[in-house]
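Notes to accompany the following structure.
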Amino acid sequence: MAVPRVNKKLLQELESMGFPAARATRALHYSGTASLEACIDWIIDHENDPDIDQMPLVAVDIDIESPEPFHITEAMKIKAQELRDQTRKKRKEEEKKLELQMEREREKERIRSGKELMEAKQILEDNERKRNIAFRNSEKEEEKRARDRIRWKLEQDKLERRVKLGLPPGHTASAELSIPVRGEIQKSLPVRSVAKSEHMRECLRCLRRNHKDDDARVQRAFQTLLIYVGNVAKNPDQEKFRKIRLSNPSFLDRVGSLIGGIEFLELCGFERTEAGEFLYLPRDKVDMATLYSAASELKSALTNPFFGLLSRDV
């Protein structure tokens, strides 16, 4: 198979009008190279062919020479310009359609991210509400036990006074009351679940205790960690916020060289790459609830001047 031989003069004239060589050769070959106008008519009629810009191949060479020179007429130029205009218009329409499709996809992604943020916020609010309810219930139980102890003590005092005066003990409420033992009190208190937020809090306490002599550095570490967490939460689709080079001097100075800094980021979902060069948080492992919880713990550590310095933070 070979490219058919066509009239070179007509081919040059078509190319000078802006038609690609393959399209011009195909028009000359399939129109029979009768005239330049016939070639342009053929291109207009077949502009939507899928193989319009593919070079035609034939089994034998075809050499057709024009008996006389051809000249480009004004009508030919007009048709050629119309064809070029149609091609440009079609290309613009396709580009506009593609841009609209991309915009719709971006809008869907924004809606999805917003929904995830709202769900994560709702989870945090629900958890906070449950913790507050449990705490209030615990306080009420403790107050009730305190009142019972006071009543029991009063009854005991009353009983002792009657005995000293030689009076019969009589009926007292002491028989109905009993001092709650320490084990019962502890048993009735809600047991705190060892959640990820508690691990984060303990990690920050460890960082504070290990560097308690350099408070400014600890505060800077907490602020840097809050920036890392906030950037991922606000821009979960941008990889640059989910990837941290471990050898970065700024990262090492602010977080990496402090005990507990990298461990806190790992609790947020960051993972060490195989080569150990980066901390990386995959997009499918971004957990908004975890990030909000981490941000909450960091804000608490920044605002509490005694954070990590006591045996147990309130």
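Note on Arg161 versus Asp157: no salt bridge recorded, every NZ/NE/NH1/NH2 to OD/OE distance being 4.0 Å or above. Residues Asp51 and Arg26 are paired through a salt bridge, judged by an N-O separation under 4.0 Å between the basic side chain and the carboxylate. Salt bridge status for Glu93 with Lys90: absent, with no side-chain N to carboxylate O gap under 4.0 Å. Checked for salt-bridge contact, Glu103 and Arg110 meet the test: a charged N lies under 4.0 Å from a carboxylate O. By the 4.0 Å N-to-carboxylate-O rule, Glu125 lies too far from Arg129 to be salt-bridged with it.
Under the 3.5 Å distance criterion, the side-chain polar atoms of Thr25 are matched with a main-chain donor or acceptor of Ala21. No donor-acceptor pair closer than 3.5 Å links the side chain of Ser31 to the backbone N or O of Ala38. The closest donor-acceptor contact from the side chain of Thr87 to the backbone of Leu83 lies under 3.5 Å.
A distance of 9.5 Å separates CG of Leu225 from CG of Leu302, quoted to the nearest 0.5 Å. To the nearest 0.5 Å, atoms CG (Asp253) and CG (Leu258) are separated by 8.5 Å. The distance from atom CZ of Arg88 to atom CZ of Arg91, rounded to the nearest 0.5 Å, is 8.0 Å. Interatomic distance, CG of Leu226 versus CD of Gln223, reported as 8.5 Å (0.5 Å rounding). Atom CZ in Arg23 sits 9.0 Å away from atom CH2 in Trp42 (nearest 0.5 Å). Cys39 SG to Leu28 CG: the interatomic distance, rounded to the nearest 0.5 Å, is 4.0 Å.
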Practice item. Determine, stepwise, if the pair Arg106 / Glu99 fulfils salt bridge (Lys or Arg N to Asp or Glu O under 4.0 Å). Key: CA-CA 10 Å; Arg106 287 193 293 268; Glu99 179 63 26; 3.2 Å; yes
Check your understanding: Does the pair Ser250 and Arg245 meet the rule for a side-chain hydrogen bond (donor to acceptor under 3.5 Å, both in side chains), with working shown?
Key -> CA-CA 10 Å; Ser250 178; Arg245 186 183 296 275; over 6 Å; no
Practice item. Start with the C-alpha distance between Glu13 and Lys9, add both sets of side-chain angles, then the distance that settles salt bridge (Lys or Arg N to Asp or Glu O under 4.0 Å), and finish with yes or no. Key: CA-CA 6 Å; Glu13 290 180 353; Lys9 293 180 179 180; over 6 Å; no
Exercise for review: For the pair Lys130 and Asp126, evaluate salt bridge (Lys or Arg N to Asp or Glu O under 4.0 Å) and give the outcome as yes or no after the intermediate values.
Suggested key: CA-CA 6 Å; Lys130 290 177 182 178; Asp126 291 343; over 6 Å; no
Exercise for review: Check step by step if side-chain hydrogen bond (donor to acceptor under 3.5 Å, both in side chains) holds for Gln81 and Arg84.
Suggested key: CA-CA 5 Å; Gln81 184 61 41; Arg84 284 193 292 270; 3.0 Å; yes
Point to revise | Step-by-step salt bridge (Lys or Arg N to Asp or Glu O under 4.0 Å) determination, Glu202 to Arg209 | key: CA-CA 10 Å; Glu202 182 56 34; Arg209 286 194 295 266; 2.9 Å; yes
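The side-chain contact (heavy atoms from CB on, under 4.5 Å) test with Leu98 singles out one residue from Met102, Lys96, Glu95, and that residue is Met102.
Atom CE of Met55 has more than 12 heavy atoms from other residues, nucleotides or ligands within 6.0 Å.
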